[in-house]
Amino acid sequence: NRQQRCDLYTVKVYNKYWRAQAFTPNGNITAAQLELLIETTGTPASDLTIELVNDSGGNPTGSVLQTLSITKASILIPAWRATASFSQALTNGTTYWVRISSPGSNNAAYWEWWATDDSGSGYCTLNYPNDYYAGNAKYSQDSGATWNVGLNSIHTGANSDFTMKLYSSGSAGHTVDIKTTYTKRYL
């Protein structure tokens, strides 16, 4: 575990506002399950789309490897660890992205993805095991046509991360874990 100064936020995901988190496995693995710390405000008009995509020039615009969905009906409490199962081979040293969107939702009823911004005054624990190189967060304000470094237009730090946990199958049982504990602040 590496402890550093950071704040925990929730960042809106709706309509044309998409979010993504990069990661690079340090070993060939078969990803089996993805866990995100998300919540909703109101009842979003559409489900949350989660895509595992290849990197393309440092952006989450490569080919889509997996498309998963979290239904709005499945969110039972405000903050929730959303889990989706699948099977996907991932290659050592290759950068991948978890990209999320909800094109039918709006600014009154939307999804939120918890994230860290290490420029703040709080402390959190970021767990980077030996099988993971820390990635970075990016955001889009135009449905994925262009991508910017950071959580949103306010938090543009290169060391920001969205919370996620990726489990692999097999005997190695690798885990990619960006895990935080801190008091949430709203953006």
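We use all heavy atoms of the structure for the numbers below, so side chains are in, but hydrogens, waters and symmetry mates are not. As the structure is a prediction and not an experimental result, all values here were calculated from the model.
S140 approaches R19 most closely through the heavy-atom pair O-NH1, 4.3 Å. When all heavy atoms of W113 and I100 are compared, the pair lying nearest together is CE3-CD1, 3.2 Å. When every heavy atom of I38 is checked against every heavy atom of W111, the shortest pair comes out as CD1-CZ3, 3.6 Å. Of all heavy-atom pairs spanning Q21 and M164, the tightest one is CG-SD, 3.6 Å. Closest heavy-atom contact between W97 and A22: CE3-N, 3.3 Å. The heavy-atom pair separating A20 from W147 by the smallest distance is CB-CZ3, 3.8 Å.
Every side chain to side chain contact (heavy atoms under 4.5 Å, CB included) that S56 has, sequence neighbours left out, goes to T61.
Checking each of N136, T24, D55 against T95 for a side-chain hydrogen bond (donor to acceptor under 3.5 Å, both in side chains) leaves exactly one that passes, namely T24.
Panel note: side chain S46, backbone G104; a donor-acceptor pair is recorded below 3.5 Å.
Distance check: I29 CD1 to L90 CG gives 5.0 Å after rounding to the nearest 0.5 Å. To the nearest 0.5 Å, atoms OH (Y17) and OG (S105) are separated by 13.5 Å.
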- request: Quick one: do N148 and K138 satisfy side-chain hydrogen bond (donor to acceptor under 3.5 Å, both in side chains)? Show the steps, please.
  value: CA-CA 5 Å; N148 305 289; K138 286 201 171 184; over 6 Å; no
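Cation-pi contact between K12 and Y110: present, with separation from the ring centre below 6.0 Å and deviation from the ring axis of at most 45°.
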Please output the side-chain donor-acceptor pairs of residues 62-70 that fall under 3.5 Å, not counting sequence neighbours, one pair per line with the distance.
residue: S63; atom: OG; partner: N54; partner atom: ND2; Å: 2.7
residue: Q66; atom: NE2; partner: S87; partner atom: O; Å: 3.2
residue: Q66; atom: NE2; partner: Q88; partner atom: OE1; Å: 3.0

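Under 3.5 Å, the side chains of T41 and E112 contain a donor-acceptor pair of N or O atoms.
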